[in-house]
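Here the structure comes first, spelled out in structure tokens, and everything after it is commentary.
Here the structure is a predicted model, which is why all the values come from computation and not from measurement.
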Amino acid sequence: MEREPIDLDWVSLIKEAKQLGLSIEEIKTFLSNSEVYTSKQQPDTKLSKII
């Protein structure tokens, strides 16, 4: 089974969200409701600007 490469932009966004004090559950909720995530497009902005 081949693993997909890690998207460093997403890693950066998750780290920023954690630095802002968001919990993992809050991040998951945001991503599950986000048009950016559900459409599989790459984010072109920082999470702090989206929230």
Side-chain angles (χ1 to χ4, degrees):
M1 182 176 194
E2 189 174 327
R3 297 172 86 177
E4 290 190 36
I6 294 174
D7 185 327
L8 297 180
D9 289 332
W10 281 108
V11 172
S12 176
L13 288 172
I14 298 301
K15 285 182 177 181
E16 183 176 347
K18 291 296 289 175
Q19 289 173 350
L20 292 170
L22 294 169
S23 70
I24 293 296
E25 196 58 42
E26 289 170 316
I27 295 169
K28 286 180 182 180
T29 299
F30 174 80
L31 292 175
S32 69
N33 294 319
S34 171
E35 290 180 28
V36 172
Y37 181 75
T38 57
S39 68
K40 305 289 186 198
Q41 294 176 359
Q42 295 294 321
D44 62 356
T45 184
K46 294 286 188 180
L47 186 57
S48 61
K49 293 181 182 176
I50 295 171
I51 298 176

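- The distance from atom CD1 of Ile27 to atom NZ of Lys18, rounded to the nearest 0.5 Å, is 5.5 Å.
- Residues satisfying the side chain to side chain contact (heavy atoms under 4.5 Å, CB included) criterion with Lys15, sequence neighbours excluded, are Val11.
- A search for side chain to side chain contact (heavy atoms under 4.5 Å, CB included) contacts involving Glu25 returns Ser23, Lys28, Thr29, not counting sequence neighbours.
- If you take CG on Leu8 and CG on Leu13, they are separated by 11.0 Å, rounding to the nearest 0.5 Å.
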